[in-house]
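Computed from a predicted model, the values in this text were never measured in an experiment.
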Amino acid sequence: MTRSDWKLRKMPKSQVTIRVSRRFSAREIDKIKLGFRPESMDDKWFIFYEQERLNIHRSWTGYCIYVVHFEKEGRDHVACEVHVNRNPKQYGVSDNSYDAQMAFWVIDFILLGHMDARMPDSA
């Protein structure tokens, strides 16, 4: 997946940065880098990876909701920050804990295929 595969909007200036620390193996990061293209109206996300960042957009609107920043550590990658959209016209959540959990749920469930991953409770 690349940015040009979907009609997207950039992350707005109204955003927050959440510090996180989660390690992903070389095998996992290879899967993450493949991204995700929605196939039906039920698929809510368009996801692509570029320049050590995972960009997570809403598929219907193209709004950028999360950008997960990675740092390479040996063969692994560590997610170190999640930038979250805080424009209330684009995204109505303002709970940092929920957003960090949701960004990782998207990675775990959609990109890594962990069907047992639990979606976080509503914010």
Exercise. If you draw a 6.0 Å radius around CD in Glu52, do more than 12 non-hydrogen atoms from other residues or ligands fall strictly inside?
Worked result: yes
For this session: Evaluate whether atom NZ of Lys72 has more than 12 neighbouring non-hydrogen atoms of other residues, nucleotides or ligands under 6.0 angstrom away.
Result: yes
Nearest heavy-atom pair of [X] and [Y]: which atoms, and what distance?
X	Y	value
Asp43	Ser59	O-OG, 2.7 Å
Phe36	Trp45	CD2-O, 3.2 Å
Asp76	Ser25	OD1-CA, 3.5 Å
Ala100	Val20	CB-CG1, 4.2 Å
His83	Thr17	CE1-OG1, 3.2 Å
Phe46	Arg37	CD1-CA, 4.1 Å

Calculate, to the nearest 0.5 Å, the distance between atoms [atom1] and [atom2] belonging to [X] and [Y] respectively.
X	Y	atom1	atom2	result
Leu111	Ile56	CG	CD1	7.0 Å
Lys10	Leu8	NZ	CG	11.0 Å
Ile47	Ile110	CD1	CD1	4.5 Å
Asn87	Gln15	CG	CD	11.0 Å

pair [X]-[Y]: side-chain heavy atoms closer than 4.5 Å:
X	Y	answer
Val84	Ile18	yes
Thr61	Arg9	no
Tyr66	Ile107	no

Problem set entry | Listed partners of Trp60 passing ring pair (Phe, Tyr, Trp, His ring centres under 6.0 Å), at least two apart | none
Establish whether [X] and [Y] are linked, either directly or via other cluster members, by ILVMFWY side-chain heavy-atom contacts under 4.5 Å.
X	Y	result
Leu54	Tyr98	yes
Phe104	Met102	yes
Met119	Leu112	yes
Phe70	Val106	yes
Val16	Ile65	yes

For this session: Taking atom types as modelled, find out whether Arg86 and Asn96 have a side-chain donor-acceptor pair closer than 3.5 angstrom.
Result: yes
For this session: For Arg22, enumerate each residue passing the side chain to side chain donor-acceptor pair (under 3.5 Å) test, keeping only those at least two apart in sequence or located in another chain.
Result: Asp108
Problem set entry | With sequence neighbours excluded, residues passing side chain to side chain contact (heavy atoms under 4.5 Å, CB included) with Lys33 | Ile29, Tyr49, His77
Exercise. Among Gln90, His57, Arg58, which residue meets the side-chain hydrogen bond (donor to acceptor under 3.5 Å, both in side chains) test with Asn85?
Worked result: Gln90
Exercise. Is the Trp105 ring parallel, tilted or perpendicular to the Phe109 ring (thresholds 30°, 60°)?
Worked result: parallel
Exercise. So Asp99 and Val93, side-chain contact (heavy atoms from CB on, under 4.5 Å) or not? Walk me through it.
Worked result: CA-CA 8 Å; Asp99 283 316; Val93 177; 3.8 Å; yes
